[in-house]
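One structure is given below, encoded as structure tokens.
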Amino acid sequence: MRKIAILGSTGSIGMNTLDVIRAHPDRFQVVALTAGKQIERLAEQCVEFKPALAVVATAEGASRLTQLLYTRNIKTQVLYGPDALVTAVTDSACDTVMAAIVGAAGLVPTMAAAKAGKRVLLANKEALVMSGNLFMQAMKEGGGELLPIDSEHNAIFQCLPNQFTKSSPDQIEPLGVEEFWLTASGGPFRNKALTELSTITPEQACAHPNWVMGRKISVDSATMMNKGLEVIEAFWLFGLPLEKIKVLIHPQSVVHSMVRYRDGSVLAQLGQPDMRTPIAYGLAWPERIHAGVAPLSLIQLANLSFFEPNFSQYPCLNLAFSAARAGGTAPTILNAANEVAVAAFLDEGLPYLEIATVVERTLNTLAPVPANSLELILQVDEQARQIANKIIRDTKP
């Protein structure tokens, strides 16, 4: 019986995780749930799964959740704030943490899970994008297990030899790995020229052709920033040089990623575009359990196609590769500026094409430095956000 803490239980990853857990009550017990603003949904999850602890963002949210649980006679302890997210990891008796909080907010509790030696199911890209070396060191020192949940990294993990799980990333060379090929759907605008995107609305950007995801990650998929962040994440997870991590557009989203070996073999992981598959793999690893996902029928697919991305069409992808090569705090700056720009696009009317402009100008304004402490990384993150917000304010008519 594994004891699970879910950081971000009301988002798409969190809800899919609970769906897998729901199907296996004999294997998994939910001990902690956390959410930001969706108090009513969190209350219903607490009623069903009865965790020992629930965490929300604000005191007002905690008061509301406490009231809702009291009326249902649920004894879950309710806490709030960033420190309480760490408490959910360290004081809930969990042995497994689903790290699914979107954005930089998930960094500190995910790092706490690494240091505490938990099995970390990593669905939060930012932990590795912002603090890759520090995070991997924390995992090594904590002695826990790091299992990637992003479909692409989970696919790579499944295509690597079993010995990799017993090795550190810098020992991947003897395994005969030559390249990783991360696949991307190309988002809803893959057949449109950049010049056609000036009037794109948030609703259009969030209408992903294959996956059901949250709004922020859907926009990142449209701009391909999501894939750029995944390249940085793959670099830290698996220890392959950046020049050996490739991106391929694969509109069908059936092949989730591939590994090319020295002998000419290419191993691919295929499946439905359903996050319950990698979630179930992470929860039960090294076993495999039923995930509630429909079988994949290749016979029903007309074709599988692949092509290289046009970097001029996806400037955010190009910026991500540049930040990855620059190293240090450049990926932190990239991520912070992108979060601010995407939020402004979704909520304040920032034009879609200005997302990349805001990110590029922020990167050009704030020089990267070595990312040698969590405190420094969080400081740079805040600086980048302030700069990005100023750029957005200054460009408004």
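Side chains are part of it too, since the values below use all heavy atoms of this structure and drop only hydrogens, waters and symmetry mates. Because the structure is a prediction, the values reported are computed rather than measured.
- Taking the charged nitrogens against the carboxylate oxygens, D95 and R2 do have a contact shorter than 4.0 Å, which makes a salt bridge.
- Put simply, the side chain of D19 never gets that close to the backbone of M15: no donor and acceptor are under 3.5 Å apart.
- E230 contributes no side-chain N or O that, together with a main-chain N or O of E152, makes up a donor-acceptor pair within less than 3.5 Å.
- For the pair E287 and R27, the salt-bridge criterion is met [side-chain N within less than 4.0 Å of a carboxylate O].
- The two residues N335 and M130 make their nearest non-hydrogen contact at ND2-SD, 3.9 Å.
- In this structure, F321 and F311 have perpendicular ring planes: the angle between them is above 60°, well past the 30° mark.
- Side-chain atoms of T395 come within 3.5 Å of backbone atoms of I392 as a donor-acceptor pair (strictly under, hydrogens ignored).
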What verdict does the salt bridge (Lys or Arg N to Asp or Glu O under 4.0 Å) test give for E348 and R393, after you've listed the backbone C-alpha separation in whole Å, the side-chain angles of each residue and the deciding distance to 0.1 Å?
CA-CA 11 Å; E348 302 170 24; R393 289 194 302 270; over 6 Å; no
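- Atom OH of Y70 is surrounded by 12 or fewer heavy atoms from other residues, nucleotides or ligands within 6.0 Å.
- Distance alone, capped at 3.5 Å, is enough to place a donor-acceptor pair between the T17 side chain and the I13 backbone.
- The pair K115-E141 does not meet the salt-bridge criterion, since no charged nitrogen lies less than 4.0 angstrom from a carboxylate oxygen.
- Minimum heavy-atom separation, A88 to C94: O-SG, 4.2 Å.
- Between the side chain of N124 and the backbone N or O of I101, at least one donor-acceptor pair lies under 3.5 Å.
- For Y352 and F189, the ring centers are positioned less than 6.0 Å apart.
- Using cut-offs of 30° and 60° on the angle between ring planes, the pair H250 and F306 is parallel.
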